[in-house]
K.L.:
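Mind having a look at this structure? Questions to follow.
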Number of protein chains: 2
Amino acid sequence: MTKIFENIDAKNKYKLLRSFRADTYNFKKNTSIINTVIDPNTICFIIKGSVKIIRNNENGNANIFDKLDDNELFGSTLYNLNDIDYDVITLEDTELIITNYNDIVKYQGKNKLYTVFIKNLFMIYNDKIKSLNERINIISKKTIRNKLLEFFNLHFKKNNSRNIYIPFSYQSFADYLCIDRTAMSRELKNLKDEGFIKITGKRITLLYK
Amino acid sequence: MTKIFENIDAKNKYKLLRSFRADTYNFKKNTSIINTVIDPNTICFIIKGSVKIIRNNENGNANIFDKLDDNELFGSTLYNLNDIDYDVITLEDTELIITNYNDIVKYQGKNKLYTVFIKNLFMIYNDKIKSLNERINIISKKTIRNKLLEFFNLHFKKNNSRNIYIPFSYQSFADYLCIDRTAMSRELKNLKDEGFIKITGKRITLLYK
DNA sequence: ATTAAAATGTTGCAATTGCAACAATACAAT
DNA sequence: ATTGTATTGTTGCAATTGCAACATTTTAAT
């Protein structure tokens, strides 16, 4: 995945960010910052620390949707934060630089540095669109088994590995696939009993093909 | 929805496109152009004419996924064209200008015109991400009824209208919702019989709330 | 080490769904 | 107007699923 400051050194990073009329914010650990970042034109760069994007699913459970570290960026649109049941919480003391599209695009000191930055930003958008399309391809399958197999196949194609580590919890995984956790659990057991996969905690090993 | 040449007049449009080291292509009506546009870095601007993006669903039916007119743009990533069962077909004699990210981003004549163009491009990406998130929100609902109601509610919020015109066919609509067409038909009938909606051909009228 | 809390696993059951097979209707071409 | 084709509607049925209720295991806290 492209990082926003890829090929940009620290000195230039701050030079760029300063020029965008951006503001610096500091938050303590475990603070909800959704209200600061919800504006649809906002883009937030994580300078120090990390945040998690969580979502309350229909059962009312707060599930981790994503975890973002320093040098990563997020925005309302990228993570659908306008949706009522999302929240953004700092995982540690965190420093953000917050700006918006207009200020980034209007930046006048056009140079190599800026070009690299804009290119990285496009690539991040591209990656996001790709991953959303990917998820749609998975959840568009009609049965739980086919959703799982589509997920496995995609993982295999991308990582060339038969070992899949479930990030976060099985509940979050089920939410990603838009299915009931216990029904997924049942189907994983079926796949295991039929010899297609092996399950060791949060590692699933593909035994087929 | 943002158009790529919004706030850019025709003269400047061509000036911009020429400067991106872009090539012009002409296609006859009803030509498959997927092979010309499939490269993931490609961006295609429709100068004249129109194209449809189609997708062969699991039943083997080719469904219209989207229809794009002149002054619109598309690209492999934006429409997931790498996926094996997509195709792009011209609906009339069509002229395209095809370029790629690198050439757009590296463009050196930085000026107001270019700024507007880049801003429009970002907005289109933003719109795309929004609409993908929207679709995921809809298809993540667990029952056909809830998918339909979520779609209706979103439509109502966005258009402030109780009349919904189904674009393309009911089959395409079912594909968008990732459900079986006949099961959807049954559920629409239920909603009708229970007095929630009225159906007149491809117009659905919301009677609730 | 003990206890509490959170996460994961299991299972019966009713509701929902996909699928197949077919009927009815709308649309297009001559 | 007639014929053929594509789209939409209907329905029975078996398979799948969500849900609830509960058991077991893992993790975290003291």
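Letters A, B, ... mirror the listed sequences (proteins, then strands); counts begin at 1.
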K.L.:
dT11(C), dT8(C), dC19(C): which one has an atom nearest the side-chain heavy atoms of Thr182(B)?
P.N.:
dC19(C)
K.L.:
Is it true that Phe20(B) and Phe45(B) have ring centroids separated by less than 6.0 Å?
P.N.:
no
K.L.:
Which part of the nucleic acid does Lys202(A) contact within heavy-atom distance under 4.0 Å: base, sugar-phosphate only, or nothing?
P.N.:
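Touches sugar-phosphate only.
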K.L.:
Could you pull out the closest heavy-atom pair between Ile47(B) and Leu96(B), with the gap in Å?
P.N.:
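For Ile47(B) versus Leu96(B), the nearest heavy atoms are CG1-C, 4.4 Å.
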K.L.:
Is there any ring-ring contact (aromatic ring centres under 6.0 Å, His included) pair reaching into residues 21-41 of chain B, and which pairs are they, with sequence neighbours excluded?
P.N.:
none
K.L.:
Heavy-atom nearest nucleotide on DNA chain C for Thr143(A) versus Ala183(A): which residue maps closer to 5'?
P.N.:
Ala183(A)
K.L.:
Who passes side chain to side chain contact (heavy atoms under 4.5 Å, CB included) against Tyr176(B), sequence neighbours left out?
P.N.:
Arg135(B), Ile138(B), Phe151(B)
K.L.:
In this structure, how many angstroms lie between the C1' atom of dG18(D) and the NZ atom of Lys141(B), rounded?
P.N.:
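Whole-Å distance recorded here is 15 Å.
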K.L.:
Classify the side chain of Arg181(A) versus the base of dG9(C) as yes if they form a donor-acceptor pair under 3.5 Å and no if they do not.
P.N.:
yes
K.L.:
Identify, between Lys147(A) and Ser185(B), the residue whose nearest nucleotide on DNA chain D lies closer to the 5' end.
P.N.:
Ser185(B)
K.L.:
Nearest-Å distance, CE (Met184(A)) to P (dT11(C))?
P.N.:
17 Å
K.L.:
Quickly work out the Ile179(B) CD1 to dG9(D) P distance and round it to whole Å.
P.N.:
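Distance, rounded to whole Å: 13 Å.
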K.L.:
If an axis is fit to five pairs at each end of the helix from dA1(C)-dT30(D) to dT30(C)-dA1(D), what is the angle between the two, to the nearest 10°?
P.N.:
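Taking the rotation axis at each end, their angle is 60°.
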K.L.:
Nearest whole Å is fine: how far is dT8(D) C1' from Asp180(B) CG?
P.N.:
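Rounded to whole Å, this separation is 13 Å.
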K.L.:
Write out all pairs satisfying side-chain hydrogen bond (donor to acceptor under 3.5 Å, both in side chains) with one or both partners inside residues 29-49 of chain B, taking only residues at least two apart or from two chains.
P.N.:
Ser32(B)-Asp87(B)
K.L.:
Picking from dT17(D), dT10(C), dG18(C), which would you name as closest to the side chain of Ile144(B)?
P.N.:
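Among the listed nucleotides, the one closest to the side chain of Ile144(B) is dG18(C).
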K.L.:
What is the distance, to the nearest angstrom, from the CD1 atom on Ile139(A) to the P atom on dT17(D)?
P.N.:
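Rounding to the nearest Å, CD1 of Ile139(A) and P of dT17(D) are 14 Å apart.
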K.L.:
How long is the line joining CD1 of Ile204(A) and P of dG9(C), in whole Å?
P.N.:
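That distance rounds to 9 Å.
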K.L.:
Arg186(A) CZ to dT17(D) C1': how many Å, rounded?
P.N.:
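It is 7 Å, rounded to the nearest whole Å.
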K.L.:
Nearest whole angstrom, please: distance from the P of dG9(C) to the NZ of Lys192(A).
P.N.:
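It works out to 8 Å between those atoms.
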K.L.:
Sequence neighbours left out, what pairs pass salt bridge (charged side-chain N to carboxylate O under 4.0 Å, His left out) with at least one residue falling in residues 189-201 of chain B?
P.N.:
Arg145(B)-Glu194(B), Lys189(B)-Asp193(B)
K.L.:
Could you work out, with salt bridge (charged side-chain N to carboxylate O under 4.0 Å, His left out) as the rule, every residue matching Arg203(B), not counting sequence neighbours?
P.N.:
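Per chain and number, Arg203(B) pairs via salt bridge (charged side-chain N to carboxylate O under 4.0 Å, His left out) with no residue.
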